[in-house]
Amino acid sequence: METPINECTHCGSNEGYYIKQYAFGSIKQNFNFDGSEADNTEMYQHLNHKGGSVAYCSSCNKKIFNMSI
């Protein structure tokens, strides 16, 4: 996705941006019988996600644009 800006309009940073998302549900963490952790690459696969419509500056944390562009 191309963004509508190349830097933060508040602080001028070009470090990037983040979106806030909320995750809810349950996870299943796998272990081997010797107590070591087993393959858990799909641990978070079944979580539900909500949000992510606003982009925030990674440096100053201010709102910089809406994701629905």
Side-chain angles (χ1 to χ4, degrees):
M1 172 183 143
E2 284 195 40
T3 60
I5 59 176
N6 293 325
E7 62 184 27
C8 177
T9 55
H10 301 284
C11 69
S13 172
N14 62 356
E15 297 260 335
Y17 65 93
Y18 64 91
I19 57 174
K20 295 179 184 178
Q21 291 191 339
Y22 300 93
F24 51 96
S26 62
I27 62 171
K28 182 176 81 171
Q29 188 172 11
N30 298 302
F31 292 92
N32 297 311
F33 283 108
D34 66 0
S36 63
E37 190 172 0
D39 180 21
N40 285 299
T41 55
E42 296 181 8
M43 180 188 293
Y44 302 107
Q45 180 179 354
H46 300 290
L47 290 179
N48 296 308
H49 297 86
K50 181 178 179 182
S53 60
V54 176
Y56 298 89
C57 174
S58 293
S59 294
C60 71
N61 299 310
K62 291 185 179 177
K63 177 182 172 179
I64 51 176
F65 62 88
N66 289 323
M67 295 296 291
S68 57
I69 51 177

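Residues passing the side chain to side chain donor-acceptor pair (under 3.5 Å) test with Ser59, sequence neighbours excluded: Ser13. Under the side-chain contact (heavy atoms from CB on, under 4.5 Å) criterion, Asn61 pairs with Tyr18, not counting sequence neighbours. Evaluation of the side-chain contact (heavy atoms from CB on, under 4.5 Å) rule for Asn32 yields Asp34, Ser36, Ala38 as partners, not counting sequence neighbours.
Sorted by first and then second residue, the side chain to side chain donor-acceptor pair (under 3.5 Å) pairs with a member in residues 45-56 form an empty list; sequence neighbours excluded.
Residues Val54 and Lys20 have side chains not in contact (no heavy-atom distance under 4.5 Å, counting atoms from C-beta outward). Residues Lys28 and Glu42 form no side-chain contact, since every pair of their non-hydrogen atoms from C-beta on lies 4.5 Å or further apart. For the pair Ile27/Leu47, a side-chain contact is recorded, criterion being any heavy-atom separation below 4.5 Å from C-beta on.
Nearest heavy-atom pair, Thr3 versus Ile5, reported as atom, atom and distance to 0.1 Å: OG1-O, 2.8 Å. Closest approach of Cys60 to His10, counting heavy atoms only: SG-CB, 4.1 Å. The minimum heavy-atom distance between Ile64 and Cys8, with the atom names listed, is CG2-SG, 3.7 Å. The nearest pair of heavy atoms linking Gly52 to Met67 is O-CG, 3.4 Å.
In the displayed structure, Phe24 atom CZ is contacted under 6.0 Å by more than 12 heavy atoms of other residues, nucleotides or ligands.
Taking OG from Ser58 and OH from Tyr17, the interatomic distance works out to 9.5 Å, rounded to the nearest 0.5 Å. Note: Cys11 SG to Lys62 NZ = 8.0 Å, rounded to the nearest 0.5 Å. For the atom pair CD1 (Ile19) and CG (Asn66), the distance works out to 12.0 Å, reported to the nearest 0.5 Å.
Of the possible polar contacts, none joining the Asn30 side chain to the Asn40 backbone as a donor-acceptor pair under 3.5 Å is found.
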